[in-house]
Student: 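Take this structure, written in structure tokens, and hold onto it; I'll ask about it next.
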Amino acid sequence: MVADLHLLPLMASPCFALQALKRAYELEAMKDAWDLVTLLEIHNLLMDTHLKEATNIDRSKFAQYFKTAEYVVKRVKKELPQDGNAAVYYKAAAELKSWGGRYQEAKELFDVAIPLLKAETSTDCTGLLETCQAMKGFCDRNLQGTQDSPMSFSIPEADAGKPAAAEAEYQGPIIEDVTETEEMPGKAVDTFAAACSSSSSSAPAGEVPLEVKALGPYDAEEAFQICAADADAVFSSVESLQAHIEAAGAGLCWIAARGDKLLGVALCGSDGVFGHLLQLVQRSGADAKKQLVERCRQACQDKGLQSLRAAVKEDDATFKDLGWKSSYRVWTSPEDGQPRKKSRADNGTAASSAPRDPKLRRDDKDVNSYYQAWEQVNVDKALVAEEGLDPAVVPEDQRQLADFGDLSRNLDVSSKIGRFSWDQSNTGVSIYLPFDGVGQLPAENVHVEFRDIGFLLIITKGDKRHWYKVPNLCHPIDTTASRRTIKADQVVVKLRKQRAGEWSDLTDEKDRYQRKREYRIQHGDLKGATTEELLADMYKNANDEDRAGLRDAMRVNREKREEDARKAMG
């Protein structure tokens, strides 16, 4: 069957913004060229979203940011100078842990931040120190059982007819103690949760409510495992799923979870006109399909798409239960102000005359081949061909990534090795990855999987797998001649080039960007552009390091012009 789910107007919900902030926090934390200031800005925005202008604060919601904050703390400790800047993030992470009820972990972070703030001389850190010490005392009192601090509490508001003097008497929320193992409340009663009620289901008292949230990189591996178990699986690898949620499926793929347990997945795509529900799957016993379908419909409407369409199984009653009208072939949600298209049933065709084949076909082909055809069209190549040019001049959009199979599944992002350096000769490339004490581990605990265009390093220490992966090397390598060398505190991965020559970078990013830019200059939107327009585009698409170089070059050029002008006037 094909479900044509017409979109109904929806009010914008603050949970959309929160999900976007959370995703931005995760992505910024994973960047190689990461910026601590940007991370702190996003972190503070997330905290403000929960704490400011709210009538109720549900502290259990802070737990969803713990994993990202812990990953950033590790990067700050390993990659940044331990000064006042690092202390500011330790303080922010400790406050997050305090709000989430992890008092011991918060106290440990405050203990790291306080000495650094005391040693900072470039600015006055008195206020930061006082806050850290006060919050550390708060954590101590909770650990000793002398502090009342509930995981959910209301913030009273003044009544309209209440005298101003009565308002001044309010001294803030009363805080009660609760253990860290306390179950989350059955129903969220804060303003934010109420706004998100369309994407989470109510739950009995004592049970964690069902939450529908955007599918992000942290959840891609578990989502793929659920989807791969379904007979109608769309994607063959985690990498292909990640590529989809970063491209055609950006903002359209959703997961349903209860606490930390993933229960259902909805994968959607878009052809620019319609949204397409590619796969809808849930774990046995879960009841998440309706919420997922509705959330996908909302996301399509937010992107300005006309409707959401889906090929569904004949025995799937999800769409019927949602109230959409249907014939034996098409499920259609009610559309205000638009006449419903007539089906064969409307024309009097008997139900018994319907084809027995549950798959809707056209010209002997599955209709999915038509719905997905637009995504397979390369518009740039089509336009170049119309101009009588060779379509081969258009750089390929599809990015080829190395597939490491089961080895790359269930890799914890917090265990990713964050530091590396590399150099090259005419025939080889060496990647240096520091890891304390790796030389004392058994040789079999250090494994490197080589592919033609990538490699995956896994170091097993205790019960954790530390890893580093490059799935898109600049050029192919000779896997049989490549190897790894283990030193006392470092692993060196030595790659043998298939063809001798210099690589522009370790990955293919620079080459891909340069090919696309050359095409744009010769045939695309930059054809005939001025030098100023070319520089502006270069700055817009540059990374942080390149932007800094461009700013320096522009500054030197400006100073030179000013000096030339002064000489001309003198």
Side-chain angles (χ1 to χ4, degrees), residues 27-36 38-39 71-83 85-86 401-402 404 408 411-441 443 445-461 464-479 481-514 542-550 552:
L27 294 176
E28 187 66 32
M30 292 189 295
K31 284 184 179 179
D32 289 334
W34 61 297
D35 181 30
L36 185 60
T38 303
L39 275 167
Y71 178 63
V72 176
V73 166
K74 289 182 180 180
R75 293 196 70 176
V76 172
K77 288 182 178 179
K78 289 184 178 181
E79 302 176 29
L80 295 184
Q82 297 305 290
D83 55 13
N85 292 324
L401 298 173
F404 300 98
S408 64
L411 293 176
D412 189 348
V413 68
S414 65
S415 299
K416 180 182 179 182
I417 299 174
R419 291 187 297 159
F420 78 96
S421 59
W422 73 288
D423 60 22
Q424 64 175 314
S425 65
N426 196 45
T427 58
V429 174
S430 296
I431 300 99
Y432 306 93
L433 298 124
F435 192 90
D436 294 339
V438 67
Q440 301 175 4
L441 298 175
N445 284 26
V446 182
H447 176 69
V448 182
E449 192 74 15
F450 295 103
R451 296 289 186 267
D452 288 344
I453 56 170
F455 73 90
L456 170 63
L457 165 68
I458 298 179
I459 302 175
T460 304
K461 185 176 182 181
K464 295 194 69 173
R465 295 196 303 165
H466 304 267
W467 57 278
Y468 182 77
K469 178 172 67 172
V470 179
N472 58 323
L473 290 169
C474 188
H475 294 290
I477 61 172
D478 183 350
T479 58
S482 299
R483 57 190 176 86
R484 59 104 170 95
T485 301
I486 304 173
K487 299 186 178 181
D489 296 307
Q490 181 177 254
V491 177
V492 182
V493 179
K494 296 183 177 292
L495 309 177
R496 179 61 60 87
K497 298 178 180 178
Q498 282 191 9
R499 291 184 296 179
E502 183 177 356
W503 288 9
S504 63
D505 200 355
L506 181 60
T507 68
D508 63 353
E509 296 289 347
K510 283 188 177 179
D511 288 349
R512 284 168 51 84
Y513 170 73
Q514 191 59 35
N543 57 34
D544 293 340
E545 182 179 355
D546 292 339
R547 286 186 177 184
L550 286 171
D552 290 341

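Basis for what follows: all heavy atoms, side chains included, without hydrogens, waters or symmetry-related copies.
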Student: Which residue pairs satisfy the salt bridge (Lys or Arg N to Asp or Glu O under 4.0 Å) criterion with at least one member in residues 464-477, sequence neighbours excluded?
Tutor: Glu239-Lys469
Student: Who passes side chain to side chain contact (heavy atoms under 4.5 Å, CB included) against Asp552, sequence neighbours left out?
Tutor: Arg555
Student: Any idea which heavy atoms bring Phe435 and Lys461 closest together, and the distance?
Tutor: CE2-CD, 3.9 Å
Student: Near Gln490 CD, under 6.0 Å, is it more than 12 heavy atoms from other residues, nucleotides or ligands?
Tutor: yes
Student: Once rounded to the nearest 0.5 Å, what's the spacing between atom OG1 of Thr507 and atom CG of Asn472?
Tutor: 5.0 Å
Student: Report the C-alpha separation of Tyr432 and Asp423 in whole Å, then their side-chain angles, then the decisive distance to 0.1 Å, and conclude whether the side-chain contact (heavy atoms from CB on, under 4.5 Å) test is met.
Tutor: CA-CA 9 Å; Tyr432 306 93; Asp423 60 22; 3.2 Å; yes
Student: Taking all heavy atoms of Val470 and all of Phe404, pick out the closest pair and write down the distance.
Tutor: O-CZ, 4.3 Å
Student: Using a 4.5 Å cut-off on heavy atoms from C-beta on, say whether the side chain of Val429 contacts that of Gln424.
Tutor: yes
Student: Between atom CZ of Arg419 and atom CD of Glu79, what is the distance when rounded to the nearest 0.5 Å?
Tutor: 7.0 Å
Student: Return the set of residues passing side chain to side chain contact (heavy atoms under 4.5 Å, CB included) with Asp35 (not counting sequence neighbours), or none when no residue passes.
Tutor: Glu28, Val37, Thr38
Student: So which heavy atom on Leu506 is nearest to which on Tyr468, and how close?
Tutor: CD2-OH, 4.5 Å
Student: Do any N or O atoms from the side chain of Trp467 and from the backbone of Asp412 form a donor-acceptor pair under 3.5 angstrom?
Tutor: yes
Student: Would a 4.5 Å heavy-atom cut-off, applied to side chains only, mark Arg484 and Leu457 as touching?
Tutor: no
Student: Can you name the closest pair of heavy atoms from Arg483 and Thr485 and give their distance?
Tutor: NH1-OG1, 3.2 Å
Student: Identify, with sequence neighbours excluded, every residue that meets side chain to side chain contact (heavy atoms under 4.5 Å, CB included) alongside Asp83.
Tutor: Pro81, Asn85, Ala86, Glu120
Student: Under a 3.5 Å distance rule, please check whether Asp508 uses its side chain to pair with a backbone N or O of Leu473 as donor and acceptor.
Tutor: no
Student: Hey, are the side chains of Arg451 and Glu449 touching, using non-hydrogen atoms and a 4.5 Å cut-off?
Tutor: yes
Student: Can you list the residues that meet the side-chain hydrogen bond (donor to acceptor under 3.5 Å, both in side chains) rule with Asn445, with sequence neighbours excluded?
Tutor: none
Student: Do Phe420 and Val491 make a side-chain contact, defined as non-hydrogen atoms from C-beta onward lying under 4.5 Å apart?
Tutor: no
Student: Counting C-beta onward and ignoring hydrogens, is there a side-chain heavy-atom pair between Gln498 and Asp452 closer than 4.5 Å?
Tutor: yes
Student: How close do Ser482 and Ile477 get, heavy atom to heavy atom, and via which atoms?
Tutor: OG-CD1, 4.0 Å
Student: Atom CD of Glu502 and atom OG of Ser425: how far apart are they, to the nearest 0.5 Å?
Tutor: 10.5 Å
Student: Using side-chain heavy atoms (C-beta onward) and a distance below 4.5 Å, is Leu433 in contact with Ile459?
Tutor: no
Student: Rounded to the nearest 0.5 Å, what separates atom CZ in Phe455 from atom NZ in Lys494?
Tutor: 12.5 Å
Student: Restricting to side chain to side chain contact (heavy atoms under 4.5 Å, CB included), what partner residues turn up for Gln514, sequence neighbours left out?
Tutor: Glu518
Student: Do Asp489 and Val438 pass the side-chain contact (heavy atoms from CB on, under 4.5 Å) test, and can you show the C-alpha distance, the side-chain angles, and the key distance before you say yes or no?
Tutor: CA-CA 5 Å; Asp489 296 307; Val438 67; 5.5 Å; no
Student: To the closest 0.5 Å, what do you measure between NE2 (His475) and CG (Leu495)?
Tutor: 13.0 Å
Student: Would you compute the distance between atom CG of Asp505 and atom OH of Tyr513 and round it to the nearest 0.5 angstrom?
Tutor: 14.0 Å
Student: Which atom pair, heavy atoms only, marks the closest approach of Tyr71 to Ser414?
Tutor: CD1-CA, 3.4 Å
